[in-house]
Number of protein chains: 2
Amino acid sequence: MTTAKMTAVKTRGISILLVDDHPVVRQGYRRVLEHQDDFSVVAEADNAANAYRAFKSHGPDVVVMDISMPGASGLEAIRNIRARDPDARILVFSMHSEAAQVKAAFGAGASGFVTKGSEPAELIAAIRSVARGEHAMSDDVARVLALESLVPTKSALDQLGEREIEILRQFAAGSTKEQIAANLNLSTKTVQNYHYLIKAKTGMRTDAQLVRLAVECGLANL
Amino acid sequence: MTTAKMTAVKTRGISILLVDDHPVVRQGYRRVLEHQDDFSVVAEADNAANAYRAFKSHGPDVVVMDISMPGASGLEAIRNIRARDPDARILVFSMHSEAAQVKAAFGAGASGFVTKGSEPAELIAAIRSVARGEHAMSDDVARVLALESLVPTKSALDQLGEREIEILRQFAAGSTKEQIAANLNLSTKTVQNYHYLIKAKTGMRTDAQLVRLAVECGLANL
DNA sequence: TGCAGGTCGGGAAATTTGCCCGACCAAATT
DNA sequence: AATTTGGTCGGGCAAATTTCCCGACCTGCA
């Protein structure tokens with residue numbers, strides 16, 4: 001087979017960059033996606049930094065990205081990519097569908113959000129949509145977002161301020177209040193007060209519930 | 001369930017039942033696996049109950065199962081399947097590689113344990129191994145297990161008694177100490193003492209660390 | 001028979017929480 | 001320019017919890 005494969009892809013199909021930290025999972029998607037004959041996966045990456053590099057060198061039409069990656073949040077990768085190319089199309093492919101996470105993703109510049117619980121057809125359709133420059137999300141994500149736009153729900157984390165979020169994250173990550181205070185140059189007392197406030201605002205009664213909330217909202221990388 | 005059937009299958013290929021609660025992920029694996037021409041995925045299931053039903057009706061050579069499924073633990077599914085057919089080959093395919101979880105899986109009757117962070121080749125090799133009746137695990141799992149067999153570490157949860165485990169689970173699930181005491185017909189004081197003991201035994205300093213430990217060990221369904 | 005270990009709780013000092021408060025500062029309103 | 005609003009930062013103090021030690025009971029086992 002001697003084909004000039006890299007030529008004039010734009011006119012023919014959709015080139016894709018896959019970002020996910022699990023090789024098997026990644027390869028799985030790759031096969032699912034390449035089964036569509038107008039799709040071609042031109043690169044893969046397993047972390048935020050490599051994703052950025054791969055984007056620079058391949059300039060794919062669509063980036064399909066799992067944002068729950070180790071280390072730096074995938075949100076950062078989205079921001080980096082968009083900073084370099086404001087027309088970049090990024091489709092987030094996540095385990096969770098917390099309203100806060102979805103909003104954060106779109107806020108960072110994502111064009112779509114599909115959960116891993118969706119049917120393959122939904123993912124494929126979403127990729128075509130974002131490639132066309134539209135926004136896309138899977139049904140379950142839409143439902144969550146719709147629900148929370150109806151109700152002034154303040155879905156748990158949204159009502160927290162910057163500082164509160166940061167303290168909650170460190171707390172959920174396992175840090176002591178003293179450590180958090182030291183990290184942020186605060187008095188222990190202040191951190192204690194934040195802790196109290198966070199519990200009050202989120203309605204969580206137990207520290208354990210707080211940790212679970214943080215994990216579920218993608219605040220803490222489990 | 002006759003031996004005659006087994007030999008017939010052996011000459012042809014390896015039939016596989018896929019169990020994972022994420023359709024896209026599942027379909028991804030399916031393609032990866034079916035790319036091997038002696039593999040054939042004969043059924044899929046998205047939860048423990050369906051896995052058991054599918055096993056009964058298809059009698060696959062190997063079950064490839066993600067044990068971090070919603071609701072009842074996948075461990076239960078393993079036990080159910082093995083209870084019906086002690087020769088069943090089950091390969092666990094998990095996100096995590098906590099020693100406790102690996103042990104629990106093998107204890108429940110799994111024949112292999114591969115993490116989702118492994119290369120596809122490792123998964124494929126592992127499937128062939130368990131199909132042959134051998135035990136298999138990916139390199140990272142082996143390393144974790146080896147490490148913990150060398151060190152008298154008693155990886156976190158193993159050193160806890162029945163009662164301690166139960167209290168830890170309820171605690172991680174978000175229950176108050178009073179609620180736990182009420183559930184188990186204990187005094188609050190006793191639960192407090194257990195809580196203290198558990199932290200001491202596991203070496204966790206923070207409640208948050210404790211919760212994470214419990215979640216990572218599959219004690220609490222996130 | 002006696003020892004090891006899991007279970008259950010009391011006690012007392014040390015620490016943390018729960019809740020309220022005031023102060024500062026920056027942005028938005030008026 | 002003046003004021004309201006809202007996030008940030010911490011003090012205070014009573015009440016609650018944690019920490020660590022202890023004794024008692026029961027069971028399996030050497």
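Order of the sequence lines fixes the chain letters, A, B, ..., with proteins taken first and strands second; residue numbering starts at 1 for each chain.
Ionic pairing of D66(A) and K116(A) is present here: one or more N-O contacts between side-chain nitrogen and carboxylate oxygen are shorter than 4.0 angstrom.
Considering only side-chain atoms of K199(A), the nucleotide from dC9(D), dG18(C), dT19(D) that sits closest is dG18(C). Of the listed nucleotides (dG18(C), dT7(C), dC8(C)), dC8(C) has the atom at the smallest distance from the side chain of L186(B).
Distance CG (L184(B)) to C1' (dC8(C)): 12 Å, rounded to an integer number of Å. Here dG9(C) presents its C1' atom at 10 Å from OH of Y194(B), a figure rounded to the nearest Å. Between R163(B) atom CZ and dC26(D) atom C1' there is a gap of 14 Å when expressed in whole angstrom units. Rounded to whole Å, atom P of dG11(D) lies 16 Å from atom CG of L197(A). Put simply, CD1 on I167(A) is 14 Å from P on dG7(D), counting in whole angstrom units. In this structure, K177(B) places its NZ atom 9 Å from P of dT19(D), rounding to the nearest Å. We find that CD of E162(A) is positioned 16 Å from C1' of dA27(C), with the value rounded to whole Å.
A distance-only check finds no donor-acceptor pair linking the side chain of T176(B) to the backbone of Q179(B) [under 3.5 Å]. Using a distance-only test at 3.5 Å, with no hydrogens or angles considered, a donor-acceptor pair links the side chain of R212(A) to the main chain of A172(B).
One finds no side-chain N or O of Y196(B) lying less than 4.0 angstrom from the OP1 or OP2 phosphate oxygen of dT18(D). OP1 and OP2 of dT17(C) both lie 4.0 Å or more from every side-chain N or O belonging to K189(A). OP1 and OP2 of dC9(D) both lie 4.0 Å or more from every side-chain N or O belonging to S187(A). For T190(A) and dG10(D), the shortest distance from a side-chain N or O to OP1 or OP2 is below 4.0 Å.
Closest non-hydrogen pair, S118(B) versus V24(A), comes out as O-CG2, 2.6 Å.
Donor-acceptor pairing under 3.5 Å is recorded for the side chains of D207(A) and H195(A).
Taking only distance into account, the side chain of N193(A) meets the base of dC19(C) through a donor-acceptor pair shorter than 3.5 Å.
Among the protein residues, E178(B) comes within range of the sugar-phosphate backbone only, with heavy atoms under 4.0 Å from sugar or phosphate atoms but none that close to a base. Residue Q192(A) is classed as a base contact, given a heavy-atom separation below 4.0 Å to a base.
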